[in-house]
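In listed order, ligands and their atoms are each counted from 1. In what follows, residues are counted from 1 in the order of the sequence shown.
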Amino acid sequence: MHPIYLCSMGANIAPENNFAAARELISELGKAYYSRAIYTQPVNMHSDNDFLNALFLLVSPLDSDALKSRFNAIEISLGRDRSDPMSSKKDRPMDIDILGELSVDDVWQEVPTYLDDVVQSLKPIADQLIQTQGA
Ligand SMILES: Nc1ncnc2c1ncn2[C@@H]1O[C@H](COP(=O)(O)OP(=O)(O)OP(=O)(O)O)[C@@H](O)[C@H]1O
Ligand SMILES: Nc1nc2c(c(=O)[nH]1)N=C(CO)CN2
């Protein structure tokens with residue numbers, strides 16, 4: 001039984017193109033199920049560029065460390081400079097984070113507030129995966 005990861009993605013440089021490119025690359029890591037994507041104002045950073053953000057579920061054979069490394073590699077391939085110490089506060093072509101495993105009771109509490117509105121578009125899929133896979 002593969003773990004099911006709840007993940008978030010966000011971009012505020014060429015976000016539509018970078019979302020499409022990231023989805024292609026993420027598809028190599030397992031089976032992904034996406035929430036709807038929404039435009040959000042930058043939180044905890046200053047920028048004139050709005051973000052495109054989404055949640056997704058990923059059923060993957062990788063463990064969380066390996067998955068995080070692959071996400072970092074995708075971010076870098078799309079142009080993010082992760083060696084910059086201010087990387088978390090700067091405009092970015094892609095940020096992909098693991099929020100937790102779906103098997104953890106309160107994993108949905110890890111969803112950042114700017115993505116609260118899309119949770120309901122993903123929960124039915126989560127419930128279905130749990131039923132069919134026993135997450
Ligand atoms: N192996 C892992 N498994 C699960 N979650 C992880 C793992 N490694 C890091 N994380 C989580 O991923 C998030 C991002 O960590 P990281 O240090 O890579 O920063 P980042 O990608 O630059 O983040 P951001 O730009 O979102 O601030 C953190 O919330 C961290 O807890
Ligand atoms: N709206 C929005 N704001 C952010 C985001 C993000 O993805 N969307 N990511 C950040 C650093 O991880 C900081 N602020």
Side-chain angles (χ1 to χ4, degrees):
M1 204 69 71
H2 292 153
I4 305 171
Y5 297 99
L6 175 63
C7 308
S8 65
M9 62 195 287
N12 73 341
I13 297 174
E16 298 83 4
N17 286 346
N18 282 318
F19 258 55
R23 284 179 184 200
E24 286 285 321
L25 296 166
I26 290 166
S27 72
E28 294 169 13
L29 308 179
K31 178 89 183 93
Y33 303 84
Y34 292 90
S35 73
R36 65 193 182 86
I38 55 169
Y39 290 95
T40 63
Q41 304 275 325
V43 174
N44 293 332
M45 61 183 271
H46 177 75
S47 173
D48 292 332
N49 299 333
D50 281 356
F51 277 83
L52 190 59
N53 281 115
L55 294 173
F56 62 98
L57 296 166
L58 184 65
V59 184
S60 174
L62 299 174
D63 67 32
S64 67
D65 286 352
L67 186 59
K68 182 65 184 164
S69 302
R70 297 292 296 267
F71 284 167
N72 290 352
I74 292 174
E75 293 176 10
I76 291 163
S77 77
L78 295 178
R80 188 166 184 199
D81 178 6
R82 291 190 55 91
S83 66
D84 183 336
M86 290 300 287
S87 162
S88 294
K89 299 276 174 201
K90 287 192 175 170
D91 290 344
R92 81 257 344 242
M94 188 49 62
D95 179 28
I96 313 175
D97 289 328
I98 302 171
L99 303 179
E101 278 193 45
L102 208 51
S103 56
V104 173
D105 269 352
D106 47 6
V107 67
W108 296 98
Q109 291 178 16
E110 301 302 320
V111 173
T113 47
Y114 53 79
L115 273 169
D116 276 350
D117 286 353
V118 307
V119 166
Q120 57 170 339
S121 71
L122 198 60
K123 270 206 172 148
I125 301 170
D127 291 342
Q128 210 165 13
L129 285 173
I130 289 168
Q131 268 181 11
T132 52
Q133 309 218 4

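Residue-level proximity to ligand 2 for N53 is carried by the side chain, the only part with a heavy atom below 4.0 angstrom. Only the side chain of D95 comes within 4.0 Å of ligand 2, counting heavy atoms alone; its backbone N, CA, C and O stay farther away. Residue contacts with ligand 2 for S8 are absent, since no atom lies close enough (heavy atoms, distance under 4.0 Å).
Classification of the F56-Y34 ring pair by plane angle, with boundaries at 30° and 60°, yields tilted.
Residues that satisfy the side-chain hydrogen bond (donor to acceptor under 3.5 Å, both in side chains) test with N17, not counting sequence neighbours, are absent from this structure. Among residues two or more places apart in sequence or in another chain, the side-chain hydrogen bond (donor to acceptor under 3.5 Å, both in side chains) test is passed with T40 by N53.
Considering backbone and side-chain N/O of Y114, one or more are found under 3.5 Å from N/O of ligand 2. Any N or O atom pair closer than 3.5 Å counts here, and D97 shares no such pair with ligand 2.
Side-chain atoms of R80 do not come within 3.5 Å of backbone N or O of L78 as any donor-acceptor pair.
The option from K89, R92, M45 that lies nearest to atom 11 (C) of ligand 2, judged by heavy atoms, is R92.
Side-chain contact between H2 and L62: absent, with no pair of heavy atoms (C-beta onward) separated by less than 4.5 Å.
Distances below 4.0 Å separate heavy atoms of S88 from the following atoms of ligand 2: 11 (C). Contact atoms of ligand 2 toward T40: 1 (N), 2 (C), 8 (N) (distance under 4.0 Å to a heavy atom of the residue).
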task = Apply side-chain contact (heavy atoms from CB on, under 4.5 Å) to the pair W108 and L122, showing each step before the final yes or no.
result = CA-CA 11 Å; W108 296 98; L122 198 60; 4.2 Å; yes

